[in-house]
Number of protein chains: 2
Amino acid sequence: MIQQRLLDVAVREFGAKGLDGASTRSIAAQAGAAMSSITYHYGSKEGLYLAAADYVAGQLGGVADDDRLGAAIEAGDSAEARRCVHLLLGGLLARMFEGQADNWALFIMREQMNPTEAFERIYAGPMGRNADALVDLICVVAGTKDRRAAQLAAIALFGQVLIVKAGRATCHKILERETLGRDIIQSYSDHVAANTDTILDRMIAEREEQA
Amino acid sequence: MIQQRLLDVAVREFGAKGLDGASTRSIAAQAGAAMSSITYHYGSKEGLYLAAADYVAGQLGGVADDDRLGAAIEAGDSAEARRCVHLLLGGLLARMFEGQADNWALFIMREQMNPTEAFERIYAGPMGRNADALVDLICVVAGTKDRRAAQLAAIALFGQVLIVKAGRATCHKILERETLGRDIIQSYSDHVAANTDTILDRMIAEREEQA
DNA sequence: GTCTATACTACGATAGAC
DNA sequence: GTCTATCGTAGTATAGAC
């Protein structure tokens, strides 16, 4: 399928070089198609960019069982909500280390730094649902109605996940490795999980202090 | 000074569009100079890019008092080392919110995702020194010789700082704000500081358990 | 639906006037 | 040291053959 090949290459090229930097000639050539096929299928370079954004957004789903997350939030089950926080963050972290992650992660990073219409479309999908769920889950775990505190905690927790991609080169320098093996990935996942529990415990303790 | 104006614009343009995406014509025009002045001063587009990288690297210094950090590490003073960790992370976080930060932060983010020679030059400066100092400080605070654990902790801690830039658009969505006011910035700084203390305390407890 | 051919613009680099 | 002029290449978009 020529459209599928175009999208795969487009995500990689737009991610690596941005909308301006990537060229339709190069994308078409790598996909084994004529440049005019992009115009035919997507109208223009921008059309292909937005199509690539939608494609990326769709691939962000399934990181955790949305139904289970929703049920835990609905039920207000603190213990189950904590398990869901770990499922969500662990799932996201695992995604960051998957082989194809570089392609779409670069695309999203770029949109984060300089958001265009494409970011709205990406965030409207599974990405935004994951973010909302994390905030809701933290509220349930901490037993707090202080949503702002839960939002701040969600950002900090997500930062621990994001850095392995957004600061990949620095991580390699700090760990003195050019590639990260399974043992290090597992160690970091364990460390993040432990941090998460510690932070959630502190939020619970702070809430009980105030009460 | 025409070279200074060229560097300022170059950092912004290369950060926003990358080496390929940015154009020397546009950079020169915004700096109020002829395009050939880039060739004259920097030899080529790549030369200007590397000069911009060096300029960015230099601006990352002074986030914390290097002498004080070094002294705390040298002395093995746990309490002072913890204060230094807060100084370093707090200083970095404050830098992330400074007005001009977008320009150089975008430049560095881009290099993180797709490192070139420019990243080596940036990391060889204050950025790498800050990273090394953070790992050393954590070792002192936790009283551990498990350097790998300190490295993982440093990455997680730094992730909490990085996300406000690398995931800026998502932060705005989560906090339901289009801009982040001083009150929210202060709240997040406090949250990160509290997380940092909690994590360091846990590392100390884990070390004492093993002993 | 996919290709080739082409029009037009913008790019980086260089030469030479001042 | 800064400018204008120009060269060769590569960019997007479009038209039209098949």
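Convention: sequence-line order gives letters A, B, ...; per-chain numbering from 1.
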Exercise. Would one find a side-chain N or O of Y40(A) under 4.0 angstrom from OP1 or OP2 of dT2(C)?
Worked result: no
Exercise. Looking only at heavy atoms, which two atoms of L106(B) and G15(B) are closest? And how far apart?
Worked result: CB-O, 3.7 Å
For this session: List the steps, then state whether side-chain contact (heavy atoms from CB on, under 4.5 Å) holds for F97(A) with L93(A).
Result: CA-CA 7 Å; F97(A) 287 116; L93(A) 190 55; 3.9 Å; yes
Exercise. When you check the gap from the basic side-chain N to the acidic O, do R82(B) and D77(B) get nearer than 4.0 Å?
Worked result: no
Problem set entry | DNA chain D contacts made by residues 7-19 of chain B, counting heavy atoms under 4.0 Å | none
For this session: Take nucleotides 13-18 of chain C nucleotide by nucleotide from the 5' end and write B, S or -, depending on whether a protein heavy atom sits under 4.0 Å from the base, only from the sugar-phosphate, or from neither.
Result: BBB---
For this session: Step by step, work out the side-chain hydrogen bond (donor to acceptor under 3.5 Å, both in side chains) result for Q112(A) and Y123(A).
Result: CA-CA 10 Å; Q112(A) 293 268 1; Y123(A) 198 82; over 6 Å; no
Exercise. How about T170(B) and M127(A): do any of their side-chain heavy atoms sit closer than 4.5 Å?
Worked result: yes
Exercise. A28(A) near the nucleic acid: base, sugar-phosphate alone, or nothing, with a heavy-atom cut-off under 4.0 Å?
Worked result: nothing
Exercise. CD of Q3(B) to OH of Y55(B): how many Å apart, nearest 0.5 Å?
Worked result: 12.5 Å
Exercise. So, is S23(B) close to the dC11(C) phosphate, meaning a side-chain N or O under 4.0 Å from OP1 or OP2?
Worked result: yes
Problem set entry | Basic-acidic side-chain contact under 4.0 Å: K45(B), D20(B) | no
Problem set entry | Salt bridge R12(B)-D102(B), side-chain N to carboxylate O under 4.0 Å | no
Exercise. Atom OH of Y42(B) to atom C1' of dG12(C): distance rounded to whole Å?
Worked result: 17 Å
